[in-house]
Trainee: 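Below: one structure in structure tokens.
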2 protein chains.
Amino acid sequence: MDDPSSHQKNKLQTEEKILLAAKKVFIEKGFDGASTSDIARAAGVNKALLHYYFRSKEKLFQQVFRQCIIELWEKSFSILGQPIDLFDKIKLFINKTTEAYLSAPRTLNFVMYEITKWDNSMASLFSDELEKIFLPNVEVFYKQVEQEARKGTIKPVDPFSLLLDIVSLIQLPLTHGLIILNLNTYHNIKDPYTFFKERAQHTAESIIHCLRSDC
Amino acid sequence: MDDPSSHQKNKLQTEEKILLAAKKVFIEKGFDGASTSDIARAAGVNKALLHYYFRSKEKLFQQVFRQCIIELWEKSFSILGQPIDLFDKIKLFINKTTEAYLSAPRTLNFVMYEITKWDNSMASLFSDELEKIFLPNVEVFYKQVEQEARKGTIKPVDPFSLLLDIVSLIQLPLTHGLIILNLNTYHNIKDPYTFFKERAQHTAESIIHCLRSDC
DNA sequence: GTCTATAGGCGGATAGAC
DNA sequence: GTCTATCCGCCTATAGAC
């Protein structure tokens, strides 16, 4: 190549290639289960290159994890801050979260586990996003719930508990649904995809119904 | 000791000691994060002894995991099969699950993560318990829900979905509650213990209220 | 920027003395 | 039944050639 920036391009391509491979392997095996050799092999490069670009397994992991959190945020939680009707918001949030899971099933399990091993140094990686993006958007949701209650559209509820309920009702069946489905003797479920889609629909309707009526 | 069975006793004590240490370390660090050296150190014995009693890290892990699952079953899910009133059962199940978590917080995270890495060889470790104890007890719950619906005590619901809802509403806040509480800007929560206890209470009441009324 | 070669340590597992 | 000593392989990370 005679392009003078081809070195730079190669660099970016390789860095990206490693990051993608690392994401794949870390999500599959977790931090402790993944080795730098696994990642290098998956990326089609040598182990030494990982350290050239990312200095250490730990730092590579942090970038992967950061990316996963931000994607999860963009794909589902960001909806909480949008200026739309509360009921539509709840439906959209549930559907988007379900879709995010179905398009990359292991990611949610990975994030949910690794996050429990978080220490403060990890948390500080996100302090900016947390304060400037995440928390303000969630607070939009809280405010909206309070407002609708004052208007009488919904009965008064604790917004934090409501959010916790919604997240719980969607996430756990998604992260552990496949196992639960295997243990299930009640239904004969052929297609997990359809099951999750229908459950998302049904869950959203139940929550909204509960908010409207007095239960 | 002149007790002729003292050898046997030592054996049992040591085996038990290793198993306890392994449980502690595996729960803390996960299978991949834990090393046999960690476990030996925690047990106050040599690495060689682990292999003498359990043959491999894998087999030691299986025993630990098995024990965790069975304890979890005894402490919470077994309630589903008891011959008591449905509403009492739901309350008891929620309270017991919450207590089980509060008495050993990391255990639930550990089980929930490792279970997602399950393969069939692991599943076969429990096939007996599954078929003879677990599933029949869960089916008692399903039957009971159907029966109450026929009597008109509750509105008709899908028993499998109901169980999934209940488990979701309790477990996710427990396994990830501490992180969520740190991110929470809505409440000023001083005492997680009280928060979880109160939430358990409130969740049980909500579910029962929903079952009774038409929502 | 990318490779090979290798350091240095820790992983799980085993042999053999007591 | 319990220990020390040790094997071998894989781990993360680095040095240095190209």
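All chains are named by letter (A, B, ...) in the order of the sequence lines, taking the proteins before the strands, and each is independently numbered beginning at 1. Everything numeric here is computed off the predicted structure, so don't read it as measured data.
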Trainee: Mind checking salt bridge (charged side-chain N to carboxylate O under 4.0 Å, His left out) for Asp191(A) and listing every partner two or more places apart, or none if nothing turns up?
Mentor: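 Partners of Asp191(A) under the salt bridge (charged side-chain N to carboxylate O under 4.0 Å, His left out) test: none.
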
Trainee: Which whole-number value in Å describes the distance from Lys57(A) NZ to dT14(D) C1'?
Mentor: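 Nearest whole value for this atom pair: 17 Å.
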
Trainee: Would one find a side-chain N or O of Thr14(B) under 4.0 angstrom from OP1 or OP2 of dG1(D)?
Mentor: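 For Thr14(B), the contact criterion (side-chain N or O under 4.0 Å from OP1 or OP2 of dG1(D)) is not met.
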
Trainee: What nucleotide, of dG12(C), dT2(D), dT4(D), holds the atom closest to the side chain of Leu49(B)?
Mentor: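 Closest nucleotide to the Leu49(B) side chain: dT2(D).
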
Trainee: Within the modelled atom types, does a donor on one side and an acceptor on the other bring the side chain of Lys47(B) and the base of dG12(C) under 3.5 Å apart?
Mentor: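 Yes, a donor-acceptor pair under 3.5 Å.
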
Trainee: According to a strict under-4.0 Å criterion, is Ser35(B) in side-chain N/O contact with OP1 or OP2 of dG11(C)?
Mentor: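 So the side chain of Ser35(B) is within the cut-off, an N or O lying under 4.0 Å from OP1 or OP2 of dG11(C).
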
Trainee: Going through the distances and angles, do Lys91(B) and Glu205(B) end up as a salt bridge (Lys or Arg N to Asp or Glu O under 4.0 Å)?
Mentor: CA-CA 8 Å; Lys91(B) 282 183 208 158; Glu205(B) 281 162 18; over 6 Å; no

Trainee: In whole angstrom, give the distance that lies between atom CD1 of Ile18(B) and atom C1' of dG1(D).
Mentor: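 About 10 Å, once rounded to whole Å.
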
Trainee: Could you say whether Ala48(A) or Ser37(A) is positioned toward the 5' end of DNA chain D, judged by the nucleotide with the nearest heavy atom to each?
Mentor: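 On the 5' side of the pair lies Ser37(A).
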
Trainee: Give a yes or no on whether His202(B) atom NE2 has more than 12 heavy-atom contacts from other residues, nucleotides or ligands under 6.0 Å away.
Mentor: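 Atom NE2 in His202(B) is not crowded, with 12 or fewer foreign heavy atoms closer than 6.0 Å.
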
Trainee: In whole angstrom, what separates Asp38(A)'s CG from dA13(D)'s C1'?
Mentor: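 Nearest whole value for this atom pair: 16 Å.
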
Trainee: Do any side-chain nitrogens or oxygens of Tyr52(B) fall under 4.0 Å of OP1 or OP2 in dC3(D)?
Mentor: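 It does not, given that no N or O in the side chain of Tyr52(B) lies less than 4.0 Å from OP1 or OP2 of dC3(D).
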
Trainee: From C-beta outward on Thr36(B), which listed nucleotide comes closest to its side chain: dT4(C), dG12(C), dT12(D)?
Mentor: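 Closest of the options to the side chain of Thr36(B): dG12(C).
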
Trainee: Starting at atom CG of Leu50(B), determine the distance to atom P of dC10(C), rounded to an integer number of angstrom.
Mentor: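 Atom-to-atom, Leu50(B) to dC10(C), this comes out as 18 Å.
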
Trainee: Could you tell me the separation between the CZ atom of Phe54(B) and the P atom of dT2(D), rounded to a whole number of Å?
Mentor: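 Rounded to whole Å, this separation is 12 Å.
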
Trainee: Which one, dT4(C), dA13(C), dT14(D), comes nearest to the side chain of Asn46(A)?
Mentor: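 Shortest atom-to-atom distance from the side chain points to dT4(C).
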
Trainee: Using whole Å, report how far NZ of Lys17(B) lies from P of dT2(D).
Mentor: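 Spelled out: NZ on Lys17(B) to P on dT2(D) is 7 Å.
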
Trainee: What's the CD1-P distance between Ile39(A) and dC11(D), to the nearest Å?
Mentor: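 It is 11 Å, rounded to the nearest whole Å.
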
Trainee: Test Asp38(B) against every option in Lys24(B), Lys29(B), Lys57(B), Lys47(B) by the salt bridge (charged side-chain N to carboxylate O under 4.0 Å, His left out) rule and name the one that passes.
Mentor: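 Checked Lys24(B), Lys29(B), Lys57(B), Lys47(B) against Asp38(B); only one passes salt bridge (charged side-chain N to carboxylate O under 4.0 Å, His left out): Lys29(B).
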
Trainee: Under 4.0 angstrom, heavy atoms only, what part of the nucleic acid is Ala34(B) near: base, sugar-phosphate, or nothing?
Mentor: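 Counting heavy atoms under 4.0 Å across all strands, the contact made by Ala34(B) is with sugar-phosphate only.
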
Trainee: Which sits closer to the 5' end of DNA chain D, Phe31(A) or Gly44(B), going by the nucleotide each is nearest to?
Mentor: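 Nearer the 5' end of the strand: Gly44(B).
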
Trainee: Arg55(A) has an atom CZ; how far is it from atom C1' of dT14(D), in whole Å?
Mentor: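 Distance, rounded to whole Å: 13 Å.
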
Trainee: Flag the pair Phe126(B) / Trp118(B) as yes when their ring centroid distance falls below 6.0 Å, and as no otherwise.
Mentor: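 They qualify: ring centres under 6.0 Å apart.
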
Trainee: Is the shortest side-chain N/O distance from His51(B) to OP1 or OP2 of dT14(C) below 4.0 Å?
Mentor: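 Checking dT14(C) against His51(B), no side-chain N or O comes under 4.0 Å of OP1 or OP2.
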
